[in-house]
Amino acid sequence: MSATLPEGGPNGRPDGSLEERLRALGEQRYHHRHPFNLRMHEGTLTPDELRRWILNRFHYQRHIPVKDALILARLGTRELRRSWIRRIHDHDGPPALDGPADTARGEAPRSEGGIERWLRLGEAAGLDRDLLLSGEGVLPGVRMAVDGYVNFCRNATVLEAVASSLTELFAPDLMATRIAAWERHYPWVEPEGLRYFQVRVGQGRRDSGEAMDLVRAWCGSRADEERVLAAFTFKCEVLWSLLDAVEFAGRTGAEVRDAG
């Protein structure tokens, strides 16, 4: 299915009704309520638990531009593709227009994205970036959750794939909570490591607003709205399952090798 914005814009139903239902559903199902996230923000995670989460969450982070590329390929106008490709640049880093930086001479990288910032978060918490990039130690449950999400964006309708990204409606508040919690409870993590969360506050608000506009415009029936809600619920379950795997691994004594 290739998507374009319809000529008439949003359909006749009230704009706020679908978003209100999404927000009510998110309050119940989004992973801000998961016990692992609650413990993180209360400051009760051990260093090993925090590192385990960073390592496994990176497997999800590195697949975000993959799922966005799958969505991008199905957007029917160049205007939509130009808008959506920014999400890939946000994570992979924008293209360097004037050539690569000469890091041997001390030049800073000219293109940086969320994946690089997450690698720096790992380093700030004592993890080796080569370990993160290797994928060693990623839990089977995390791999299954991420594969399920990528395949959903590949096989579902473009409306459903875009709708699954609407968990971003809740991400900015979660990021703000996380920044404050880490600054207060985990001072051993170098401050530079929090840059990923700081940047995502603004990006999440922008991305969720754009996706919400598309979903409103594409919903032509009550059945479409139900598909949006189901896709959103599926994505909440992906995020929740990822944390389930990380939480359970702690009970079985799984450890993460740090940079030392």
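For the single chain, residues carry numbers from 1 onward in sequence order. Remember, predicted model here, so these are calculated numbers, not experimental data.
- Taking both residues in full, the closest heavy atoms of Pro65 and Ile115 are given as CG-CD1, 4.1 Å, listed atom of the first, atom of the second, then distance.
- Looking at every heavy atom in both residues, Arg205 comes nearest to Pro172 through CG-CG, 3.5 Å.
- Asp207 and Arg200 are joined by a salt bridge, as a carboxylate oxygen and a charged side-chain nitrogen come within less than 4.0 angstrom of each other.
- With hydrogens and angles left out, the side-chain atoms of Asp224 and Trp218 include no donor and acceptor closer than 3.5 Å.
- Counting only heavy atoms from C-beta outward, the side chains of Val162 and Trp84 approach each other to under 4.5 Å.
- Taking the six-membered ring where the residue is Trp, Trp118 and Tyr196 present perpendicular rings, their angle passing 60° and hence far from 30°.
- Between His31 and Cys236 there is no side-chain heavy-atom pair separated by less than 4.5 Å.
- The pair Arg87-Asp90 does not meet the salt-bridge criterion, since no charged nitrogen lies less than 4.0 angstrom from a carboxylate oxygen.
- Taking the charged nitrogens against the carboxylate oxygens, Arg120 and Glu112 do have a contact shorter than 4.0 Å, which makes a salt bridge.
- The nearest pair of heavy atoms linking Thr44 to Tyr186 is N-OH, 3.6 Å.
- A salt bridge links Arg222 with Glu225: the distance from a Lys NZ or Arg NE/NH1/NH2 to an Asp or Glu carboxylate oxygen falls below 4.0 Å.
- Considering only heavy atoms from C-beta on, Glu123 stays 4.5 Å or farther from Leu132 through its side chain.
- A distance-only check finds no donor-acceptor pair linking the side chain of Ser83 to the backbone of Leu80 [under 3.5 Å].
- Here Asp173 does not pair with Arg178 in a salt bridge; the nearest charged N to carboxylate O distance is not below 4.0 Å.
- With contacts defined as side-chain heavy-atom distances shorter than 4.5 Å, the pair Arg74/Arg154 does not qualify.
- No side-chain heavy atom of Lys67 sits less than 4.5 Å from a side-chain heavy atom of Phe152.
- Of the options Leu169, Leu22, Thr167, a side chain to side chain contact (heavy atoms under 4.5 Å, CB included) to Ser208 is made by Leu169 and by none of the others.
- Without hydrogens or angle criteria, Arg29 side chain to Glu237 main chain gives no donor-acceptor distance under 3.5 Å.
- Taking a cutoff of 4.0 Å between a charged side-chain nitrogen and a carboxylate oxygen, Asp213 and Arg216 qualify as a salt bridge.
- At a cut-off of 3.5 Å, with distance as the only test, a side-chain donor of His34 or Asp244 sits close to an acceptor on the other residue.
- Of the possible donor and acceptor atoms, one in the side chain of Arg62 sits under 3.5 Å from a partner among the backbone N and O of Leu133.
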message: Quick one, Trp182 with Phe197, criterion ring pair (Phe, Tyr, Trp, His ring centres under 6.0 Å). Give me CA distance, side-chain angles, the key distance, then yes/no.
response: CA-CA 10 Å; Trp182 284 44; Phe197 306 136; 5.2 Å; yes
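- With hydrogens and angles ignored, the 3.5 Å screen pairs a side-chain donor or acceptor of Glu49 with a backbone N or O of Thr46.
- With salt bridges taken as basic N to acidic carboxylate O contacts below 4.0 Å, none links Asp147 and Arg143.
- Residues Glu168 and Lys235 are not paired through a salt bridge, judged by the lack of any N-O separation under 4.0 Å between the basic side chain and the carboxylate.
- Ion pairing of Glu27 with Arg33 is absent here, as no side-chain N (NZ or NE/NH1/NH2) approaches a carboxylate O to less than 4.0 Å.
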